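For reference, the structure discussed in these notes is given below.
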Amino acid sequence: MDYAIEVMNLVKSYSGKNVVDGVSFNVSKGTVFALLGPNGAGKTTTIEIIECLRTFTSGSVNVLGYRVGDRRDEQEIKRRIGVMPQEFRALDKLTVRENIELFSRFYDRHRDVDEVIKEFDIEEYSNVRFERLSGGLRQRLGLAISTINDPEILFLDEPTTGLDPASRKQIWGMVKMLKDSGKTIVLTSHYMEEVEHLADEVAVMSKGKIVAMGSPYYIASRYGTGRRLVIKGYSRSKMLAALADSNNTVGDALIISMDKYNSNSISNIPITEIVDIAIREGLEVQFRNPSLEDAFLRLVGRMDDDGRLINHDSNNRIGDGDYDDGEEVEQ
Amino acid sequence: MIVIIGLEMVIMMMEKRLNSSNSSSSNSSSSKNMVVLFVVVVISLARALILDWLRSKTGVFFTILFPIMLMSILTLVFSDDSNRLDLYVKNLDVGSDGMPTELSRALISELESSRVISIKHISADVDVYEYVKHSSKRVLVIPEGFDASLREKSIEARMMITLSTLDLLLEQPLPDNSSNSSSSNGNSNSSSNSSSSNDYTGSDMIYGRELLENWFALRASNDNDGPARLLLVADSSRDGEYEQIHGILMSILLRFQHRTMDAPEILAMDVNDVNDANIAGKANYYLPAVLAAFIMTNGILGTSGIAAEFKRKGMLKRLMSTPLSRLQWIIANMLTQTVLALILASMMICIAVVALNTSLPNAISIVVLAIGALCFTGLGMIIAGALKEPHAITGASNAIAFPMMFLSGVFWPLDSMPEYMQSIAYALPLAYFIDALYASMYSSSIIETVQSTFMLAVLTGAFILVGSYLTRWKQD
């Protein structure tokens, strides 16, 4: 298989402590690969090593066939990649166009500045100074600058952090556009919805190791909390209200975890009958598939109110780097 | 903006050349293209940094207008009347024990007792002319041999009085020579009851007069004519109280002759007015000093500030992820600071020439300015490279730049500082920069310029080497 990035047994140590601890993964060309994990998991260090920004202790990293760690190869890698850091910043007093022009001159071959401005829909802001741009526009400019050299691989570090939903959707649209044009994209994000929406493959990092890897669907179904039956307005049915004691409720919604019972009946009432009762009473019934968010909660930690992973909880995690079978990690 | 347009034109020309040579794909044109591309990247980054800085109103104010204001204020403040009766004394007349001679001490006591002059001593190795040029103080030099010369002149004056007295007596009718001939043979004690001139014969007086004339003739042949001389060095163009202090000094010296020596006209004072020596005013001192100080602060704080800001905002990482090399980053920073230094210098010099009537600097001064800018860019690079935290970089830069400004003779001449402070000052690059700039602007001595510039260039090379070594283009 043709890989854009190959990482093998990567280790990065500080004062004898491994912050990246034997990480291995490959990224196929033309895919969106997401690296997820809470703060301190080692994902930024891993990405910065691949971007040739940081030294590493042992292991090997190849990008587009060039070896990270070799000075000449690194220069070639830098010509072929684009990087958009979290909360992109440029020279404040320079305009959008001036900033793009500046970055374009760092490359011996680059795209036309006007073409990039048009592609990312920032024409009307081209003469506006960077300091006067909103957060969303800054990220769009960052994305535009990261593609000025027409890179084969794009690294997007939390590209939508701090943006309003509308700006976030715009960035997603642009990332999809770049993916459709055949670029390989490496994404780090705290937003599960973003990863589910954009990524073809996901690697979850915790304590410097990859604890799970696969497609978002695979991760969710393998590590998520399973299917759930949700009945809204359950309190209007005496029979269903009786089930509330042994199941979760959120407001007037009854949430029945299908995994918990692992059978076709709940409290000796067949599920089909529960569903019939709810429909007869005119209640809304939903079957929910396991989500990536659930999987992450179980794998690495918990989330804040904004839906971001914020803390590691070892009690809620399945074994570090212990995989049930070989399917999760593509070696 | 002229600079920005100029740099942009250079970039466009080079890009045009790059595009035209891209068509030919020989090895030699490929290596040439790499060089051109390298330069294009450097100039582009420098242009962007300069443009970013020029559009920052606070940056421009503090970097350009503030030093101009400071120079003007210093010039005005130190040109006022507050120091008008200070008199700096350089006493070269010391005995074998190293202590000032008796008469030089007596003269200084006389000056101090006047209550209108405040005496301040300066070291014997100070170049008085440079000192006055730099500071516009007035200096009285007591020359070596002053004590001996004054005593001699005192004796001479007394002899002259004796000679005049003899001439006067000889003009009167003389007593009978024969009756008093024995007196002329040394028997005058026989007439001890009388002390009048009548006790001496005319021949005695004539003999005495001859002896005195011979003594004066011998003095004349020794070329030791005229009174003992002091030297007052001042700058009448800048010293508003020059006439006043000159008059006071003359009056005190007259009193000193009568009181201490009891003889008139044995002491004179020469005046050397350095106004003749191409000095346009107080601003001539402060222009190179303030210029050097602000090129120093701009170099250190500017370079380290860019690095700190770029680190804090994550822009340095963004640049490191492009093909931009560490060398290009370093050269672009040096180019930026040099251009800013030259812009700053041009504006300050223009204002100083027009408003403060200073002299126009020559081409060598521009070279010195550029070396100075590079020197402090190197120092800024060392700070930025040695420290990781952006706040620490800013703090360390301030902690180095501001004490250096006060220690290196920006606000007052180094000569007026204690010796140990002068030693500290000459361990710092700013003192050499001020000296080199001053020498290149106003001194006629090429050696003086070369010496200071050489020291500055050595430090510049060392700083750039260390700064480049410490600038990391890949994180650990």
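Just so you know, these numbers use all the heavy atoms, side chains as well, and skip hydrogens, waters and symmetry mates. Predicted, not measured: the structure shown is a model, and the values here were computed from it. A, B, ... follow the sequence lines: proteins, then strands. Residue 1 opens every chain.
Among A/Y107, A/F155, A/F56, A/F130, the residue with the largest count of heavy-atom pairs under 4.5 Å with chain B is A/Y107. Most heavy-atom pairs under 4.5 Å with chain B, from the set A/V83, A/I145, A/T45, A/N149: that is A/V83. No other option in B/L49, B/V40, B/L45 has as many heavy-atom pairs under 4.5 Å with chain A as B/L45. Of the listed residues A/R79, A/R129, A/E51, the one with more heavy-atom pairs under 4.5 angstrom with chain B than any other is A/R129.
Aromatic pair A/F33/A/F25: ring centres closer than 6.0 Å. In this structure, the ring of A/W172 has its center no less than 6.0 angstrom from the ring center of A/Y191.
Panel note: side chain A/D112, backbone A/E115; a donor-acceptor pair is recorded below 3.5 Å.
A/E101 does not touch chain B: none of its heavy atoms, backbone or side chain, sits under 4.5 Å away. Neither the backbone nor the side chain of B/Q328 has a heavy atom closer than 4.5 Å to any heavy atom of chain A. Interface remark: B/L51 contributes backbone and side-chain atoms alike to the contact with chain A (heavy atom separation under 4.5 Å). Looking at A/L102, only its side chain comes within 4.5 Å of chain B, counting heavy atoms on both sides. Neither the backbone nor the side chain of A/E131 comes within contact range of chain B; no heavy atoms are under 4.5 Å apart.
Both tests hold for B/R472 against B/Y469: distance to the six-membered ring centre under 6.0 Å, angle to the ring axis within 45°.
Side-chain atoms of A/K12 and A/T55 include a donor-acceptor pair closer than 3.5 Å. Using a 3.5 Å distance cut-off with no hydrogens or angles, the side chains of B/S44 and B/R47 do not pair a donor with an acceptor.
The aromatic rings of A/F88 and A/F103 sit tilted relative to each other, their planes meeting at an angle between 30° and 60°.
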